[in-house]
Undergrad: 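There's a structure below that I have some questions on.
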Amino acid sequence: MKFICTLCLLLLGSTVLFAQSKTGYINFQQMIGLMPESKQATDTLNVLQEKLNQDGQQLLAEYTKKVTEFDSIQNKLTPAMQEVKVSEIKSMQANLQQYKQMSEQTMSTREQELLTPILDKAKKILKAVANEKGYTLVIDNSRDAVLVSAETDDLMPAVKVKMGIK
């Protein structure tokens with residue numbers, strides 16, 4: 001009976017030893033930031049944002065001009081004409097709000113279009129490095145989730161080499 005218990009414990013212990021996995025970590029946000037494609041995507045998004053802001057500023061200037069104009073002549077207008085002008089201003093205000101929502105959606109859509117291939121490439125590179133180094137689990141520590149780890153488990157140097165970055 002003692003022999004069977006000892007044998008079971010040995011088998012269980014060896015199973016645990018073989019089942020251990022190698023865990024590494026990487027700052028995934030930093031990795032993406034190092035990729036040349038990321039800079040190109042950021043530049044493209046900045047240009048689009050600037051264009052959308054310019055258009056928005058033009059709409060805002062027209063709205064401000066209309067409000068200022070209305071404020072200066074409001075007392076001279078008939079109630080019916082005041083109502084028409086107020087309606088125009090409300091319409092312009094609604095257009096501004098609609099433009100803001102449309103520009104946010106445009107930016108979000110364009111960001112997705114540009115970043116999806118970059119994220120896919122980054123994951124592919126990371127997976128290749130993890131497989132080469134024998135890691136079965138890689139943790140993203142960009143949010144300081146990894147509190148204690150060995151320097152050798154940081155995959156960033158190997159990923160940089162794989163991407164051709166010094």
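Heads up: numbering here begins at 1 and tracks the sequence.
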Undergrad: Distance check, rounded to the nearest 0.5 Å: M92 atom CE versus E62 atom CD?
TA: 5.5 Å
Undergrad: Do L77 and V86 sit in the same hydrophobic cluster, where Ile, Leu, Val, Met, Phe, Trp and Tyr count as joined when their side-chain heavy atoms come under 4.5 Å apart?
TA: yes
Undergrad: Any idea which heavy atoms bring V129 and K162 closest together, and the distance?
TA: CG2-CB, 3.8 Å
Undergrad: Provide the full list of salt bridge (Lys or Arg N to Asp or Glu O under 4.0 Å) pairs with a residue in residues 98-119, sequence neighbours left out, each pair given once.
TA: R110-E113
Undergrad: Please test L114 against T44 for side chain to side chain contact (heavy atoms under 4.5 Å, CB included), starting from the C-alpha separation and ending with a verdict.
TA: CA-CA 9 Å; L114 293 172; T44 300; 3.9 Å; yes
Undergrad: When hydrophobic residues are tied together by side-chain contacts of less than 4.5 Å, even through go-betweens, does I26 share a cluster with M163?
TA: yes
Undergrad: Could you tell me whether the side chains of Q49 and N53 share a donor-acceptor contact shorter than 3.5 Å?
TA: yes
Undergrad: Compare all side-chain heavy atoms of L34 with those of M156 and state whether any distance is below 4.5 angstrom.
TA: yes
Undergrad: Nearest 0.5 angstrom please: I139 CD1 to L137 CG, how far?
TA: 5.0 Å
Undergrad: Against the six-membered ring of F70, is K85 placed for a cation-pi contact (under 6.0 Å from the centre, within 45° of the normal)?
TA: no
Undergrad: Does CD in Q98 sit with more than 12 non-hydrogen atoms of other residues, nucleotides or ligands closer than 6.0 Å?
TA: no
Undergrad: Counting distance only, does the side-chain N/O of K22 pair as donor-acceptor with the main-chain N or O of K133 below 3.5 Å?
TA: yes
Undergrad: Work out which heavy atom in L155 is nearest to a heavy atom in Y135; give both atom names and the distance.
TA: CD2-CE1, 3.4 Å
Undergrad: Distance from T42 atom OG1 to E37 atom CD, nearest 0.5 Å?
TA: 11.5 Å
Undergrad: Specify the closest pair of heavy atoms between L96 and G56, including all atoms of both residues, with the distance to one decimal.
TA: CD2-O, 4.2 Å
Undergrad: Show your reasoning for whether side chain to side chain contact (heavy atoms under 4.5 Å, CB included) applies to L126 and V159.
TA: CA-CA 6 Å; L126 182 57; V159 166; 3.9 Å; yes
Undergrad: Would L119 end up clustered with L45 when hydrophobic side chains under 4.5 Å apart are linked, directly or stepwise?
TA: no
Undergrad: Give a yes or no on whether M81 and V67 share a hydrophobic cluster (residues Ile, Leu, Val, Met, Phe, Trp, Tyr; joining criterion: side-chain heavy atoms under 4.5 Å apart).
TA: yes
Undergrad: Calculate, to the nearest 0.5 Å, the distance between atoms CD and OH belonging to E88 and Y63 respectively.
TA: 12.5 Å
Undergrad: With a 4.5 Å cut-off on side-chain heavy atoms, are Q97 and Q93 touching?
TA: no
Undergrad: Taking S87 for the side chain and E83 for the main chain, is one N or O donor matched with an acceptor at less than 3.5 Å?
TA: no
Undergrad: Please determine whether a side-chain nitrogen of the Lys or Arg among D55 and K51 lies less than 4.0 Å from a carboxylate oxygen of the Asp or Glu.
TA: yes
Undergrad: Hey, is the main chain of F28 close enough, under 3.5 Å, to the side chain of S142 for a donor-acceptor pair?
TA: no
Undergrad: Measuring from Y99:OH to Q58:CD, what's the distance to the nearest 0.5 Å?
TA: 9.0 Å
Undergrad: Can you tell if the side chain of I125 reaches within under 4.5 Å of the side chain of M31, non-hydrogen atoms only?
TA: yes
Undergrad: Report the distance from atom CE of M102 to atom CG of N95, rounding to the nearest 0.5 Å.
TA: 11.0 Å
Undergrad: Between S38 and G33, what is the shortest heavy-atom contact and its length?
TA: OG-CA, 4.0 Å
Undergrad: Same cluster or not: are Y25 and V161 linked, directly or through other Ile, Leu, Val, Met, Phe, Trp or Tyr residues, by side-chain heavy atoms under 4.5 angstrom apart?
TA: no
Undergrad: What's the shortest heavy-atom distance between A122 and I32, and which atoms?
TA: CB-CG1, 4.1 Å
Undergrad: Looking only at heavy atoms, what is the nearest atom pair of L52 and S103, with distance?
TA: CD1-O, 3.7 Å
